[in-house]
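Written out below as C-alpha cells is the structure these notes cover.
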Amino acid sequence: MKSTLPKVQLLLCLLISPFIWSQALRIPDTVNISNNLGRKLGVTQIEVTYNAPAVRGRDGNIWGTDVVPFGFTVLGFGSDAPSPWRAGADESTSISFSTAVKINGKELAAGTYGFFIAVYPDSCQLIFNRNTAGWGSYFYNEDLDVLRVSTIQEKEVTPVRERLQYRFYNQTPNSVTLALEWENWRIPLTISIDPEKTILADIRKQLSGALGFDPPSLQAGARWCLRHEVNQEQAVGWINTAISPSLGGQNNFTALSIKSGLLDQMGQPGEAQKVMALALEKATILELHQYGRELLSIKKTEEAFVIFESNFKNSKGAWPTHVGMMRAYAAIKDFPKALQFAKKALAQAPDDQNKKALEDMVLQLEAGRDIN
C-alpha cells in the first residue's frame, strides 16, 4: 500500500506555517550598491545614506529621461502624486545633521531627512523631507517638506562617474560642499554652521551628563567660554563646581584665573581682581610666565610687565623668567634691554627647541624687530 505521509506533511506545513510563504526573500543587490558617507564639520556630524545606481551603457541618456526625469513626475505603481527624483536608487536617500545647519544659506534644524532633487536643465531644487522610510519617491508628500533650496549643477564634469556617488569638497572650519556626482553631472550643496553656537551647545550637552562632575572638563568648558567671550554666567558656575572640594576641586592658578577673567567680562572688575590675587599666590613660575604672555596677547602691556618682573625677582632668574623679561622689554620697544635678557635666556635654554627659538629671536632683536 502506498504511503500518504508526505502529502500529509506538506498539508500541515501549508496550514500551520503560512509565514514561510509571506516572508520576503533577501538577496544582496548587485546592481545598486548601498552606501553610507560621513563627515564631521566642527562638532556637527553629517551622514548620507544612499543607493548608487550605475550608468550601465546609458551614457547621454541619464538626465531628463525616464532614468532621471526633469521636474516632478507621476511615477505610477500606486503613486499618483507628482514626485521629484529620489537622488539615488531603491530606498529614499537620507541625510542627517547632528546640529542645526544652513543649506546654501537657508536654516535647517538638526535631524534626519529624506533627500530628493527636482532636476531641471539649468538648475536643481534640493528638497529635505520628513519621510525617511519611503521607497524612492513613489510616496513623496510635499506637505512633509522641511526645506527647498536651489542650486546650479555642473555639466560635462570629468572624470565621468559610472556609478553615482556623494562626495565632500572644500571643507573649511565653517562649511563644506556635498556633491552628488553621476555620469557627467555634479549637483552641489553647501553645508555651513555657526561654529561658536554649535560648539557651545555641544559643551553644554556634555557638561549636563557625567562630565558635569569632572573638574578638568568643567574647567575646559569655562576656559572656552572665556576665550570666546560668551556664556560667562554659566561658565562661572562651571568653574565654581570645578573648584569645589566636594569634587576633589582644582583650586589652582589656572582655575582661579579663568574665573577672574569671566568676572571681568561680566563687569565685575573688583571681584575679578580679588580672585586673580588669590590665583597669583598659587601660580608656579611657568604659569606666571604663560599668564604674562596671555596679557601681552590682549595688549595689556603694563600688566604683563609687572607679572614678568615679579616672576623674575621672586624666582631669582630661574628659567624661563629671562625669556619673560625679554618679551616685556620688547613689548615697550626697548630692544637693547630685551636683547640682554635674550642672550641670558639663550644660555639657560633647556633643550634644542628652545635654543633654536631664542637664537632666532636674538637675530630679530639685533635687527631692531619686535619678537612678540
Side-chain angles (χ1 to χ4, degrees), residues 24-39 46-96 103-104 112-129 131-140 142 145 147-171 176-191:
L25 182 64
R26 295 186 178 276
I27 300 175
D29 189 348
T30 58
V31 177
N32 302 315
I33 299 175
S34 178
N35 290 273
N36 185 269
L37 179 69
R39 178 61 61 97
I46 306 166
E47 296 284 344
V48 186
T49 302
Y50 67 101
N51 290 292
V55 174
R56 293 189 290 115
R58 296 174 291 183
D59 306 74
N61 291 290
I62 296 295
W63 308 102
T65 70
D66 289 343
V67 181
V68 182
F70 284 149
F72 292 76
T73 306
V74 176
L75 301 173
F77 299 99
S79 171
D80 58 4
S83 303
W85 180 44
R86 70 182 81 189
D90 299 336
E91 298 94 340
S92 297
T93 297
S94 67
I95 303 181
S96 68
I103 305 296
N104 289 1
T112 301
Y113 302 94
F115 180 60
F116 305 95
I117 304 177
V119 179
Y120 297 97
D122 297 313
S123 66
C124 293
Q125 191 171 58
L126 312 174
I127 302 170
F128 295 83
N129 186 278
N131 184 7
T132 62
W135 180 265
S137 54
Y138 282 93
F139 303 104
Y140 166 76
E142 67 176 0
D145 287 350
L147 175 68
R148 289 188 178 191
V149 62
S150 296
T151 191
I152 303 298
Q153 67 266 42
E154 302 172 47
K155 302 177 182 179
E156 306 304 326
V157 173
T158 56
V160 172
R161 300 290 182 193
E162 167 63 23
R163 190 165 297 274
L164 183 150
Q165 64 176 284
Y166 285 81
R167 302 184 70 193
F168 287 103
Y169 292 95
N170 305 325
Q171 184 158 348
V176 67
T177 297
L178 172 63
L180 179 155
E181 298 181 351
W182 194 22
E183 199 205 27
N184 60 353
W185 278 33
R186 177 184 294 128
I187 303 174
L189 61 94
T190 299
I191 303 165

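Everything numeric here is computed off the predicted structure, so don't read it as measured data.
If you run side chain to side chain donor-acceptor pair (under 3.5 Å) between Glu91 and each of Thr49, Asn51, Thr132, only Asn51 comes through.
Taking 4.5 Å as the limit, every side-chain heavy atom of Tyr140 sits out of range of all side-chain heavy atoms of Ser92. Phe168 places a side-chain heavy atom less than 4.5 Å from the side chain of Leu37. You'll find the side chain of Tyr166 stays beyond 4.5 Å of the side chain of Asn35, heavy atoms only. Taking 4.5 Å as the limit, some side-chain heavy atom of Lys155 sits within range of a side-chain heavy atom of Asp122. Counting only heavy atoms from C-beta outward, the side chains of Tyr113 and Leu147 never approach each other to under 4.5 Å. Looking at Ile103 and Ile191, their side chains come closer than 4.5 Å, going by heavy atoms from C-beta outward. Between Leu178 and Ile95, some side-chain heavy-atom pair lies under the 4.5 Å cut-off. Looking at Leu180 and Thr93, their side chains never come closer than 4.5 Å, going by heavy atoms from C-beta outward.
Rounding to the nearest 0.5 angstrom, the gap separating the CZ atom in Phe116 from the OG atom in Ser94 is 10.0 Å. Annotation: the span from Thr112 atom OG1 to Phe128 atom CZ amounts to 12.0 Å, rounded to 0.5 Å. We find the CD1-CG distance between Ile127 and Asp145 to be 5.5 Å, quoted to the nearest 0.5 Å.
When the side-chain contact (heavy atoms from CB on, under 4.5 Å) test is applied to Thr151, the partners found at least two apart in sequence or on another chain are Asn104, Cys124, Leu126, Ile187, Pro188.
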Donor-acceptor contacts under 3.5 Å from residues 81-89 side chains, at least two apart:
unit_1, atom_1, unit_2, atom_2, d
Ser83, OG, Ala81, O, 2.9
Ser83, OG, Ser137, O, 2.9
Arg86, NH1, Asp90, O, 2.6

All N/O donor-acceptor pairs, side-chain side in residues 62-70, below 3.5 Å, sequence neighbours left out:
unit_1, atom_1, unit_2, atom_2, d
Trp63, NE1, Glu183, OE1, 3.2
Thr65, OG1, Asn61, O, 3.0
Thr65, OG1, Ile62, O, 2.9
Thr65, OG1, Val67, N, 3.1

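Remark: side-chain polar atoms of Arg163 are paired, donor with acceptor, to backbone N or O of Ala52 under 3.5 angstrom. Checking side-chain atoms of Glu181 against main-chain N and O of Arg186 turns up no donor-acceptor pair under 3.5 Å.
Residues Pro121 and Gln153 come closest through the heavy atom pair O-NE2, 3.3 Å. The minimum heavy-atom distance linking Trp182 with Glu162 is given by the pair NE1-O, 3.3 Å. Contact record, Val119 with Trp185: CG1-CZ3, 3.6 Å, taken as the closest heavy-atom pair.
For the 3.5 Å distance criterion, the side chains of Tyr50 and Asn32 fail to qualify, holding no donor opposite an acceptor.
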